[in-house]
Protein chains: 2
Amino acid sequence: MSKIATNAAVHGGTDVRDRILETASELFYRQGVRAVGVDLVVEKAGVAKTSLYRHFGTKDDLIAAFLEREDQDFWGQWDGVTARHGADAKAALDAHLGWIGERVGRPNYRGCPQINVAAEFPEADHPARKVAEAHKREMRRRLKVIAERLDVTNPDELAGQLSVLINGAFVSSQIFERDEATTLLRRAAAALIAAGRAPTKPVGETSASC
Amino acid sequence: MSKIATNAAVHGGTDVRDRILETASELFYRQGVRAVGVDLVVEKAGVAKTSLYRHFGTKDDLIAAFLEREDQDFWGQWDGVTARHGADAKAALDAHLGWIGERVGRPNYRGCPQINVAAEFPEADHPARKVAEAHKREMRRRLKVIAERLDVTNPDELAGQLSVLINGAFVSSQIFERDEATTLLRRAAAALIAAGRAPTKPVGETSASC
DNA sequence: CTGACGATACAGACCTGTCTGTTCATATGG
DNA sequence: CCATATGAACAGACAGGTCTGTATCGTCAG
């Protein structure tokens, strides 16, 4: 039963905390946060309820910790993609969109946890909402960094458009055909970049392309 | 359904049912479905609990009815926009995007109810999820009808991109600056249309615009 | 008299969070 | 090398509230 080579587990170890958080994360994501009670988390994690409340003072704190974990996970993978394709900005963006498209196309994909939790908890001051909001702002920030290397007139605008596109993909998995997401995202991004290189035109007129 | 105009209210009238549904809709949208109990709906609507359960056999049925109501409302307004700007396809699309942008920019905007409820109820067979899924498919279908009048090579692809963009706007209200949504949506749509008119190119290369 | 409606109590389940008591590995003092 | 203190973790009962859904009874209009 005891784990880990260097004890680490016992006496103040983070082993129990990790097990709780991992179990809670899976249950929260698959079934929804409000649908999962702490008793279920405790049972599935094989820990005592007292342990849960020692490490996370409140269920709300556990929810926030869940989103923080997802946040770290997400940016960890994002950075992994960046590391593999960081040279050219366009290639990096395509790689990120490919990664996101693959992600939303997975059979058990259930949407972006940040968006889902935000939908479950409208109260603006809920601790989990702050995590979710920071996550979305971080996404736009990172996209802007990429956009600035893409030789467009208005990198912030492009970052906003790409943010909307990606968030849209997260919540639109239902309407995608098989493996449609990646192609859709990449072509859309390419169109937005191309348009962003021409001087910004008034939006009202069609301007009959070039 | 249409329950007659004359007496209407009393004796089998839809008055009580409407009041319940309207009250529930507002509470569900503002606070989240799971956060609102039937007791609260009953109290705010000023009806008896028995009446709620007579008209809606189950809370789940009430939730589904809520989404159906929102669905009808949404397409009613959509059709209103179409009626006012239906002549030119591009103008109609811009009008719809303006309407959506204005909608997501409202102070108390809380996201698309269909998306929110779907996030709250992961179970695939939940009655409300079916309504939500049908709603999203209907959106793509209608966008395709518009796309077909836009002289693009692949109307279905454009419809998919626009769907993602619109759904993204619904869940991205947090990251928008004041009144940014409409402009963002319209410029993005214009870019997608322009790109859709050129023959589809492989996505890998940048192709340096035109 | 019929049937929709209001009011209210109730059942049974579930929820979060607390409290008590026990086990056990480690750290420390002698 | 033994004894004791420390504190995390386990186990489970419990409190107090909320939830959905039902059952009962009175009212009132057509």
Side-chain angles (χ1 to χ4, degrees), chain A residues 1-24 27-28 31-66 117 120-123 126-128, chain B residues 1 3-24 27-28 31-66 117 120-123 125-128:
Chain A
M1 52 187 70
S2 86
K3 349 195 115 187
I4 319 298
T6 71
N7 82 1
V10 218
H11 222 75
T14 66
D15 194 33
V16 171
R17 191 193 137 99
D18 285 351
R19 203 162 67 230
I20 294 170
L21 188 49
E22 187 182 330
T23 306
L27 291 171
F28 284 167
Q31 305 184 36
V33 170
R34 289 194 115 118
V36 172
V38 292
D39 284 333
L40 181 61
V41 175
V42 161
E43 184 202 322
K44 294 282 184 192
V47 300
K49 205 190 223 180
T50 33
S51 299
L52 187 151
Y53 278 101
R54 179 171 28 244
H55 290 289
F56 310 90
T58 277
K59 191 193 177 183
D60 285 346
D61 294 341
L62 178 60
I63 301 167
F66 157 52
V117 171
E120 278 196 276
F121 296 91
E123 312 93 28
H126 192 287
Chain B
M1 44 182 69
K3 288 264 187 167
I4 324 297
T6 56
N7 73 1
V10 218
H11 223 72
T14 67
D15 194 31
V16 171
R17 191 192 137 100
D18 285 351
R19 203 162 66 227
I20 294 170
L21 187 50
E22 187 181 331
T23 306
L27 291 171
F28 284 168
Q31 306 185 33
V33 170
R34 289 193 114 118
V36 172
V38 293
D39 284 334
L40 181 61
V41 175
V42 160
E43 184 202 323
K44 294 284 185 191
V47 300
K49 206 188 219 180
T50 31
S51 298
L52 188 151
Y53 279 100
R54 181 172 25 246
H55 289 289
F56 311 90
T58 277
K59 190 192 178 184
D60 285 345
D61 294 341
L62 177 60
I63 301 167
F66 157 52
V117 171
E120 279 195 276
F121 297 91
E123 312 93 27
D125 58 336
H126 193 287

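Proteins get letters first, then strands, A, B, ... in listed order; numbering begins at 1 in each.
Between B:Arg54 and C:dA4 there is no side-chain N or O to OP1 or OP2 distance below 4.0 Å. The phosphate of C:dA4 (OP1 or OP2) has no side-chain N or O of B:His55 nearer than 4.0 angstrom. The phosphate of C:dG6 (OP1 or OP2) has a side-chain N or O of B:Ser51 nearer than 4.0 angstrom.
Taking atom CD1 of A:Ile63 as the reference point, atom P of C:dC15 lies 13 Å away to the nearest angstrom. Atom CG in A:Leu52 sits about 14 Å away from atom P in D:dA11, given to the nearest Å. We find that CZ of B:Phe56 is positioned 16 Å from P of D:dT22, with the value rounded to whole Å. Here C:dC15 presents its C1' atom at 12 Å from CG of A:Leu40, a figure rounded to the nearest Å.
Mapping B:Val47 and A:Asp60 onto DNA chain C by nearest heavy atom places B:Val47 at the nucleotide closer to the 5' end.
Across all strands shown, A:Gly46 has heavy atoms under 4.0 Å from sugar-phosphate atoms exclusively, and none from any base.
Which of D:dA11, C:dC5, D:dA23 sits closest to the side chain of B:Thr50 comes down to D:dA23.
To the nearest 0.5 Å, the span separating NE2 on A:His55 from CG on A:Asp18 amounts to 9.0 Å. Remark: A:Asp61 CG to A:Phe66 CZ distance equals 15.0 Å, nearest 0.5 Å. Atom CZ of A:Arg19 is separated from atom CG of A:Leu52 by 12.0 Å, given to the nearest 0.5 angstrom. In this structure, the separation between CD1 on A:Ile63 and CG on A:Asp60 is 5.0 Å, given to the nearest 0.5 Å.
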Show me the protein contacts with nucleotides 17-20 of chain D, counting only N or O atoms at under 3.5 Å.
from, atom 1, to, atom 2, distance (Å)
D:dT20, OP1, B:Lys59, NZ, 2.8
D:dT20, OP2, B:Val38, N, 2.7

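Residues A:Leu40 and A:Gln31 form a side-chain contact, since some pair of their non-hydrogen atoms from C-beta on lies under 4.5 Å apart. Between B:Val117 and B:Phe28 the shortest side-chain heavy-atom distance does not fall below 4.5 Å.
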